[in-house]
Every structure is written in structure tokens, then in C-alpha cells.
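What you see below is based on every heavy atom in this structure, not just the backbone, and it leaves out hydrogens, waters and symmetry mates.
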Amino acid sequence: MKKLLKFITVLIIGLITIISCQNDDVDTDVPSQRVIFTSEQSQANQIRVNTDLTFGDVSTGVVSRTWTFPEGVANVTQSNSDVVKATFTQVGEHNVTLNQVFEEDAFVDGELRGRELDTTIVVTVIEPIAIDLKANYINPDGTLGAALTISDNAENEVIASRAVRYTFDLVGEPLNIDWTIDGGDPETATGTNQVDVIYKRLGTYGINVDANTNRPAGQAIAAFSNLVKVIPSTDPVTLDGVQGKRDGTLALEFSREMDEATVVSDQFSINVENNGTPISATIQSVQVNPAERNILLVSLSGDQIYIDDTVTVSYTAGSLFTTDGVQADSFMDVPMDSFEQGENLLESTTIDYSFENSADDANWPYQFWGGKWELYDFSIDFSRARTGTRSGVVDMQANGGMIIAHTAGKLPIESGKTYEIGVWVFVENVGNTPAGSNNPDLRIYLRPSPDFGTGPNPEFSASFPTGEWVYSSILVTGNASEEKELLIRGDNEFNNMPIKIYMDDLFVSEVELRP
């Protein structure tokens, strides 16, 4: 066994000289030099409980060595071997020490440190990933209600159009969290341990949650079939959103499932304008979306909806009912409030659009505009993210600003084509901007040749929603066919308070404007 370990040591010594946890440079002509390693040093020596970590000492000129492990936390207490494999049985941070005696004064990082050296390696042992799923009804006033029973076939009754909050404590530090929520809105979610779900369709539905991380490897899955049973409601049915679709239709999202037999197209009307010019638009059909039956799809006769249209839709109460027998009320001139997104072009680039591959601000350096534009801090935040585990956070000083660019990746843009450029933001407080002055804002440009006439994206007015993730976007037409970088400018000039802005999930997609 000892010969085998020495053979392994010879094979890995070349690698160890590069990645040793002290970043030592090994010079084989120097009789005494400290070089030690661990098998998980690239993961900050983080492992899961009841798994092992290998420690190696390939220093030159060693006369004696002693590895010492804390009492009761590993299957090894002391060892004089050059390579030690230890299994850790206790969660927590544990100090493993190595005492070395050399033939003569030993070099560490190119400096002589003496004949006897002590090194401490901190090992972080984390518990297995676990999901203890909990669920509570959300009352109509938004307060948290009674708990649901979490088990297969529990069939907790949920009134159609009501919501349930699912949550679990983060145990074992999972990096990836994926939800699949049958029959719910949303039907999927990622990167969060809490999801509020509205049930809009009658039926019995289950749920699946997968929490995992690759290193240190771990996974937990919580899956329950027939967890909720959505039952009829006497609540009024509401129109919750109007979305333009990329196929040119208009989607009317109701608070619960609509009865297809009660849909009459003539009871709906639509108004379309484009840059202030009225568009003659006639409804051809209104149909229930077969995949999401709380959505009605409105098609136009000989025309379609475009992203740059201004659209309102109206309904005169008549035959329209939900599947649980509640009649829909009239509504008048409800605006299109979103447009279906296409492919995020950033996903095929090296641009870190979700901030998941940035540990610091290296990908987003300051652009040296001087003056107020340098009165900020930008960092990667690990405590708040819309998806994944990280977001970019901008801390603009009072009366300050920011200018950064993503210099580590570029996006191909075509001249004359129009693109939606979007970002999700989270702010807790928009500060105090005097009336008549420009509110704080972010603006996203494409460079080279940025169009500085591009407007706020978004503007943080006094009415901007706080304490939640909000999507903002703007349309930009390419002024040249070339590779572009993202340039982000923040302005807080007239706000006498600092503002903290979390950014996540940058988005760029090609869109079609009305001809």
C-alpha cells in the first residue's frame, strides 16, 4: 500500500505544484520546500458528512510529519503518512493540522520559513441536502392561512383561483432548485425555496421539487401525487393579464378555467394603435387555449398583434362562464401589459447574463467616465437571486451614478433588426427624488456606437414596485451589423439617498415590428 501511495504521489506532483492550497512553486533544486494539497481544494475543502477527503504532503526535504485531526470528527486522529484519506462524520468547520520538520529551513512562497512548520487546513463538512416541504393556503387578503397536509393522495381542497405557498428550509446548501407544479401557475420555478402558486383549473394535481448540487454531490427530491384538489369557486372571475403572442394572437388570462361552450366572439372588441396611428382591427375568433384553459386566445381577421402595438380589449357581459359556473363580468379597454418573449440570444454567447459565472465584478469593469459615474459599487450577490444563486448588485451613492460594461463576451447584432433588451430588477427603496427632477434609472446600451438616446430600463419612480422582482424592457434597432458589448449605465444624480439595485437574467431577443 505504501508503495502504491508513493507511486500516486509521483504522478500528481506536477499538478500539485500548480494547484496546491498555498500556491507554492516547487523548485526541485531546493532541498526543503513545503507543498501540500487536498482532493477538494478547488471546492474550498467543502465535503458532505460521511464522505472522505484526501490530504497529501509532497514537500521536499521532509524529515518527519504529523497530521492531526480533531477528536471525534473523522476516522483518523493522527497519521505520519504522506497521503491520508479521512472520512468526516461530524458537520461543521474542522481544523486539520500538519506539523512538518525539514532537513533545513524550508521555502514557502519563495521565502524561507524555518525547519519546523505548522499548517492548518479548514475543512467544511455540510449535511445532506433535505427537503421538508410545507404548504399553506394564502388567504384572499394575502395573509398566510392554514397548513396543507403533505402526503400522496392528500387531495387538499383548493378553491379555484386561490393560491398556495410552498416552501422548505435550505438544508445542505443546494445550488440548484427545480419545481414542477402540476396544474399551477406557475407550472415551473427555479432557484428558490419558496413559490406562491395559483390554481386556476379544476382537477387533482401533484408537485415535484428537486434540490441538488454537483460538488459536493448531493440531491433530494420531494414528490407528491394528488396533493391538491381544485374545487369550484363562487369568487368573481377576474381578467389577470393581457399578453401579445409571437404568433400574432392576444392571450386573455383569467383567474380560472373558462367554459369553452360559453365563448362568443361577438361579445369581445379590440382597439389597436401603432405609434398613435389607429389600426383597423377586427376579431376573427376567440377560443380557449387547449393547453391552459384559463386563457382565451383572440385572433384578428387578416392582421395580427405586434410588440410595438398599443392594444386594449373589452368584453360586454353575456354568455361567458367559468367551468365552475361563475359568469364573467364586463371589462372595458384593458391594455396589453406584456408580450411573449422569444429566444434569449445571450444564452448562446459568453456573456454572463444571469451572473451565475461571476464571483466578483471582474466581468463588469468600470468604464472610467469620471465624475458622478464612479460613485458606485458593483458586486455579485449570493443572498438574493431571481433564478439560480447569484445576482449583480449596484450600490449607487446619493447623487451618484454608475457605468460598467461586460467585456468578457459579445453579442452579434444585425443592422436594421429590432431587439427587445430586458432585465429583472429588485429594489427595496427608490429613495427621495425631488418633484420635477429625473428619477434614478438604469439604461442598457449596445456598444460600439451606443445609442445614448435609449431610454430608462427601468426608471425608479416613486410608484415603482419595491420588495419584488420586476421585469423591464426596451426596444432597440441595430445601427450596425457587428459584435456588441453590453454597457449598463445607472443614474442617481438627483436622489439624495443611495439606492441598491439587484439585477438578474438579462435578456436580448429579436422582435418583429409592425410593417
Side-chain angles (χ1 to χ4, degrees), residues 127-212 219-241 253-257 292-294 322-324 326 383-389 424 426 428 465-471 502 504:
E127 56 197 328
I129 295 173
I131 300 175
D132 182 14
L133 188 65
K134 296 179 174 60
N136 289 80
Y137 295 103
I138 299 178
N139 298 322
D141 63 0
T143 59
L144 207 59
L148 278 68
T149 299
I150 304 298
S151 67
D152 287 331
N153 303 311
E155 295 194 0
N156 297 275
E157 291 189 350
V158 179
I159 297 173
S161 78
R162 300 284 181 89
V164 172
R165 174 169 296 168
Y166 294 99
T167 186
F168 64 92
D169 293 333
L170 291 174
V171 176
E173 302 182 23
L175 292 180
N176 308 303
I177 302 173
D178 298 296
W179 299 77
T180 302
I181 308 136
D182 297 337
D185 181 9
E187 292 186 333
T188 62
T190 61
T192 179
N193 64 325
Q194 178 175 300
V195 180
D196 289 351
V197 179
I198 302 174
Y199 287 94
K200 302 180 178 181
R201 305 193 297 275
L202 301 182
T204 303
Y205 305 105
I207 192 170
N208 182 287
V209 191
D210 184 342
N212 64 80
Q219 182 182 41
I221 295 175
F224 300 96
S225 60
N226 302 323
L227 181 63
V228 300
K229 180 179 181 180
V230 184
I231 62 175
S233 169
T234 58
D235 293 345
V237 61
T238 59
L239 179 62
D240 296 339
E253 183 178 359
F254 288 87
S255 56
R256 57 188 186 272
E257 186 175 359
E292 299 176 89
R293 301 189 66 83
N294 62 300
T322 63
T323 54
D324 53 6
V326 176
S383 65
R384 173 173 283 128
R386 177 181 173 268
T387 60
T389 60
W424 286 87
F426 184 108
E428 296 175 347
T466 57
E468 62 181 278
W469 285 100
V470 178
Y471 180 72
Y502 296 87
D504 206 356

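- Interatomic distance, Y199 OH to K229 NZ, rounded to the nearest 0.5 Å: 15.0 Å.
- Heavy atoms only, all atoms of each residue included: R201 and N294 are closest at NH1-OD1, 3.9 Å.
- Distance check, rounded to the nearest 0.5 Å: CG of N156 to CZ of F224 gives 11.0 Å.
- Remark: Y502 OH to E428 CD distance equals 5.5 Å, nearest 0.5 Å.
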Stepwise side-chain hydrogen bond (donor to acceptor under 3.5 Å, both in side chains) test for N176 and D178: CA-CA 7 Å; N176 308 303; D178 298 296; over 6 Å; no

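- The one candidate from I181, T180, I150, V228 that meets the side-chain contact (heavy atoms from CB on, under 4.5 Å) condition with I207 is I181.
- Between I221 and Q219, the shortest heavy-atom contact is CD1-NE2, 4.0 Å.
- The two residues V164 and A135 come nearest to each other via the heavy atoms CG1-CB, 4.0 Å.
- R256 has its side chain out of reach of V230: every pair of non-hydrogen atoms, C-beta onward, lies at least 4.5 Å apart.
- R165 has its side chain within reach of D196: a pair of non-hydrogen atoms, C-beta onward, lies under 4.5 Å apart.
- Rounded to the nearest 0.5 angstrom, Q194 CD and L170 CG are separated by 10.5 Å.
- A cation-pi contact links R386 to W424, judged by a cut-off of 6.0 Å to the six-membered ring centre and 45° from its axis.
- Y166 places a side-chain heavy atom less than 4.5 Å from the side chain of L227.
- Between Y205 and V158, every side-chain heavy-atom pair lies at or beyond the 4.5 Å cut-off.
- Residues T188 and T190 have side chains not in contact (no heavy-atom distance under 4.5 Å, counting atoms from C-beta outward).
- Side-chain atoms of T167 come within 3.5 Å of backbone atoms of N193 as a donor-acceptor pair (strictly under, hydrogens ignored).
- In this structure, the side chain of T238 does not engage the main chain of D240 through any donor-acceptor pair within 3.5 Å.
- Put simply, CD on E292 and CD on E253 are 7.5 Å apart, with the number rounded to the nearest 0.5 Å.
- Under the 30°/60° scheme for interplanar angles, the aromatic rings of F168 and W179 are found to be tilted.
- Nearest heavy atoms, L202 versus E257: N-OE1, 3.4 Å.
- Pairing each heavy atom of S161 with each of S233, the nearest pair is OG-OG, 4.4 Å.
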Trace of the side-chain contact (heavy atoms from CB on, under 4.5 Å) decision for I159 with I231: CA-CA 5 Å; I159 297 173; I231 62 175; 4.3 Å; yes

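- A donor-acceptor contact shorter than 3.5 Å links the side chain of N136 to the backbone of G145.
- The structure places CG of N153 at 9.5 Å from OG1 of T204, a figure rounded to the nearest 0.5 Å.
- The side-chain heavy atoms of P140 and R162, taken from C-beta on, include a pair separated by under 4.5 Å.
- Side-chain atoms of N226 never come within 3.5 Å of backbone atoms of E155 as a donor-acceptor pair (strictly under, hydrogens ignored).
- A donor-acceptor contact shorter than 3.5 Å links the side chain of D152 to the backbone of S225.
- At a threshold of 4.0 Å, the pair D504-R384 does not count as salt-bridged, since none of the basic side-chain nitrogens sits closer than that to a carboxylate oxygen.
- Here the side chain of D141 pairs a donor or acceptor atom with the backbone of T143 at under 3.5 angstrom.
- Taking all atoms of both residues into account, the shortest heavy-atom contact from L175 to T389 is O-CG2, 3.2 Å.
- Within the 4.5 Å cutoff, no side-chain heavy atoms of D235 are placed close to those of V326.
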